[in-house]
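In what follows, a structure is listed as C-alpha cells, so that the remarks can point back to it.
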Amino acid sequence: MTTHLTSARPAAGPRKESRRRPPASSATTVGRPGFGWAVPAAVFFFLFAIVPLIMVAVLSFMTWDGISSPEFVGTDNWSRLMDDPVMLKSIWLTLLLTALGVVLQTPLSILLGVWAAGHQRNRAILSVIYFIPLLLSATAVSVLWRALLDPNFGIPAEASWLFGDGNLFGEQTTAIGVLAFVSTWQFTPFHTLIYQGAARAVPQVLYQAAEIDGAGRYRQFFHITLPQLRTSMITSMIMMIVGGLTTFETVLILTQGGPGTDTTISAYYMYDKAFKSFDYGIGSAIALALVVAATIISLVVVRVSGYDKMRSSMEGVS
C-alpha cells in the first residue's frame, strides 16, 4: 500500500488592504470656527449694546425730562458740560480712583495669584476663603462696609484711638481712601484668578533650568514669572481701567458723592443728572463721554503695550 504524502499549501491569508485616510471634512479640519457660531452673540450684542448706545448718542444732542417730547438742542448739552465745574472735578476724581485701583490691585493680584498657583499646604482652603468677596455683588459689598465703617455703631466707634472721630466719610481724603479700599477688597480676587491661571501655564522647565543655573526664588519670580504674565497683566489692567471708569454702586451706597461733591465721580454724576434732576440729555452726554474715554484708554494701552501684536504659539492646535 502506497501512501502519497501531499504537502498542504498554506492557506492564503487575507490581503492587507491599504488604509486610506478619510478626506478631511469641515468638522475635522483644524482651524477657527465658522462665522455662524458668532451670529447669536452678535445679534444679542447688537440689540442690547449697539442699539442702546446709538439711542444714548442721539439723546445727548437733545433735552428731555422723561415726560415731555425730546427737543433737539444741538451741542448745548456738551457746552454745558465743558463749563460745569462739578463735571470737570468728577473727571479728575474718576481718574484718581481708577489709578488707585490699578496701583493697589495689580501687585496684590500678582502676588496672590502666583502664590495660589503653587502647592502650599492648605492653599486650596485659604484660596476659597479669600475668593468669597468675588461671590458677592457690588451692592452687597458696599452695604456691608457701610455698616462696618459706620461712625456710630461700626468699627471706628470701637477704635477711636485709630480712627479719631470715626467719621471716615466726612472728609474727601478719607472718603476716597474708603472707596479705594472697598474696591480693592472686592475686585482683587477676580484679578487674582487671572494671574493664578497664567502662573500655572508657565512651563516648569524654565524654573528647573533656572534652579540648575543657581537662580533663587526671587530671581525666578522677576526674570521668569513676571515676563510670562505680561499678556495677563495687560488684560487685567484694561479691565481695571474700564471698571474704574464705570464704578457706580460703591459711590452710591457708601458716600452718595459726598461730602458735598468731593466723591462725585463721572458715573455718579450721570446718575444724579439723569435720575435726580431729570435731565436725560446731560446724563446721556456724560454716559457717551465715559464710553468714548474707556474705549480710547483701552486702545492706547493695547497699542503701547504691543498686546495687539502678540500671538499664541498654540493657536490652531487640536
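Bear in mind the structure is a predicted one, so any value in this text is a computation, not a measurement.
Note that the CG atom of Asp272 and the OH atom of Tyr268 stand 5.5 Å from one another [nearest 0.5 Å]. To the nearest 0.5 angstrom, His191 atom NE2 is 7.5 Å from Thr106 atom OG1. Atoms CD and OG1, from Gln220 and Thr225 in turn, are 7.5 Å apart once rounded to the nearest 0.5 Å. Note that the CZ atom of Phe181 and the CG atom of Leu149 stand 7.5 Å from one another [nearest 0.5 Å]. The distance from the CE atom of Met270 to the CG atom of Leu81 is 12.0 Å, given to the nearest 0.5 Å. Atom CG of Leu226 is separated from atom CZ of Phe221 by 4.0 Å, given to the nearest 0.5 angstrom.
Within the 3.5 Å criterion, the main-chain N or O of Ala215 finds no donor-acceptor partner in the side chain of Asp213. In this structure a side-chain-to-backbone donor-acceptor pair under 3.5 Å is present from Ser90 to Met87. Remark: side-chain polar atoms of Ser232 are not paired, donor with acceptor, to backbone N or O of Leu229 under 3.5 angstrom. Without hydrogens or angle criteria, Thr261 side chain to Thr264 main chain gives no donor-acceptor distance under 3.5 Å. Remark: the backbone N or O of Ala285 is not paired with any side-chain donor or acceptor of Ser60 at under 3.5 angstrom. Panel note: side chain Thr247, backbone Gly243; a donor-acceptor pair is recorded below 3.5 Å. Side-chain atoms of Asp65 come within 3.5 Å of backbone atoms of Ser68 as a donor-acceptor pair (strictly under, hydrogens ignored).
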Point to revise | Check against side chain to side chain donor-acceptor pair (under 3.5 Å), Thr255 and Thr263 | key: CA-CA 7 Å; Thr255 66; Thr263 58; 2.9 Å; yes
Review point. Between Ile224 and Arg219, does a side-chain contact (heavy atoms from CB on, under 4.5 Å) hold up when you go through it step by step?
Key: CA-CA 8 Å; Ile224 297 178; Arg219 294 189 63 183; over 6 Å; no
Point to revise | Worked verdict on Val114 versus Gln196 for side-chain contact (heavy atoms from CB on, under 4.5 Å) | key: CA-CA 6 Å; Val114 173; Gln196 179 183 5; over 6 Å; no
Check your understanding: Run the side-chain contact (heavy atoms from CB on, under 4.5 Å) check on Phe169 and Arg146 step by step: do they pass?
Key -> CA-CA 10 Å; Phe169 304 102; Arg146 180 66 189 185; 3.2 Å; yes
Practice item. Walk me through it: do Gln256 and Val251 pass the test side-chain contact (heavy atoms from CB on, under 4.5 Å)? Key: CA-CA 6 Å; Gln256 295 184 357; Val251 176; over 6 Å; no
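Between Leu245 and Thr94, some side-chain heavy-atom pair lies under the 4.5 Å cut-off. Residues Glu249 and Val141 have side chains not in contact (no heavy-atom distance under 4.5 Å, counting atoms from C-beta outward). Between Leu97 and Ser183 the shortest side-chain heavy-atom distance does not fall below 4.5 Å. Counting heavy atoms from C-beta on, the side chains of Asn77 and Phe61 never come closer than 4.5 Å. Using a 4.5 Å heavy-atom cutoff, the side chains of Leu193 and Leu134 are in contact. Leu88 has its side chain out of reach of Met82: every pair of non-hydrogen atoms, C-beta onward, lies at least 4.5 Å apart.
Nearest heavy atom pair, residue Asn152 against residue Asp150, reads N-OD1, 2.8 Å. Here the closest non-hydrogen pair linking Gly36 and Pro40 is O-CD, 3.7 Å. When every heavy atom of Ser266 is checked against every heavy atom of Leu290, the shortest pair comes out as CB-CD2, 3.7 Å.
Ring orientation note: the planes of Trp185 and Trp145 are nearly perpendicular, at an angle over 60° on the 30°/60° scale.
Residues passing the side-chain contact (heavy atoms from CB on, under 4.5 Å) test with Ala57 are Leu288, sequence neighbours excluded. Among residues two or more places apart in sequence or in another chain, the side-chain contact (heavy atoms from CB on, under 4.5 Å) test is passed with Thr188 by Gln105, Leu108, Ser109, Leu112, Tyr130, Thr184, Thr192. By the side-chain contact (heavy atoms from CB on, under 4.5 Å) test, Tyr280 pairs with Leu59, Trp64, Ala274, Phe275, Phe278, sequence neighbours left out. Remark: Arg80 pairs with Asp279 by the salt bridge (charged side-chain N to carboxylate O under 4.0 Å, His left out) rule, at least two apart or across chains. Tyr269 is linked by a ring-ring contact (aromatic ring centres under 6.0 Å, His included) to nothing, counting only residues two or more places apart in sequence or in another chain.
By the neighbour-count criterion of 12 heavy atoms within 6.0 Å, atom CE of Met237 is sparsely surrounded, having that number or fewer from other residues, nucleotides or ligands.
Grouping Ile, Leu, Val, Met, Phe, Trp and Tyr by side-chain contacts under 4.5 Å, direct or through others, puts Leu126 with Trp115.
With respect to the salt-bridge test (charged N to carboxylate O, under 4.0 angstrom), the residues Lys89 and Asp262 qualify.
Transitive grouping of hydrophobic side chains (ILVMFWY, heavy atoms separated by less than 4.5 Å) brings Val242 and Ile286 into a common cluster.
For the pair Arg200 and Tyr195, the cation-pi criterion (under 6.0 Å, within 45° of the ring axis) is not fulfilled.
Checked against a 6.0 Å centroid threshold, the rings of Phe48 and Phe44 count as neighbours.
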